[in-house]
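Notes follow once the structure below has been shown.
These numbers were taken from a predicted model, which means no experiment stands behind them. Position 1 is the first residue of the sequence, and the numbers go up from there.
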Amino acid sequence: MQLTPEELVSEFHDAVMELYFARKRIAALEAENADLKALLSAAAGPAGPRVDHQPTTPPEAGTL
């Protein structure tokens with residue numbers, strides 16, 4: 001399928017607008033992420049959050 005020049009310009013304009021709004025959304029999500037990180041950091045106190053890493057498989061899964 002071949003596009004006419006007008007259709008090509010229209011498709012390009014649509015892509016540019018989608019990119020514009022995607023970048024705005026990314027900026028908003030980055031700001032929200034920074035706010036949440038600050039909130040988490042403040043709630044965790046000076047030592048930082050403690051994360052206990054649990055194994056993803058039960059110990060008996062490795063035995064036959």
Remaining members of Leu36's ILVMFWY cluster at a side-chain heavy-atom cut-off under 4.5 Å? none

So, using side-chain contact (heavy atoms from CB on, under 4.5 Å) as the criterion, who are the partners of Leu3 when residues are at least two apart? Met1, Glu7, Leu8, Glu11

Would you say the side chain of Val9 lies within less than 4.5 Å of the side chain of Pro5, judging by non-hydrogen atoms? no

Residues in side-chain contact (heavy atoms from CB on, under 4.5 Å) with Lys37, at least two apart? Asn33

Pairwise distance CD1(Ile26) to CG(Leu19) - rounded to 0.5 angstrom: 8.0 Å

Sequence neighbours left out, what passes side-chain contact (heavy atoms from CB on, under 4.5 Å) with Tyr20? Give chain and number order. Lys24

Residues that, via side-chain heavy atoms closer than 4.5 angstrom, fall in one hydrophobic cluster with Leu29: none

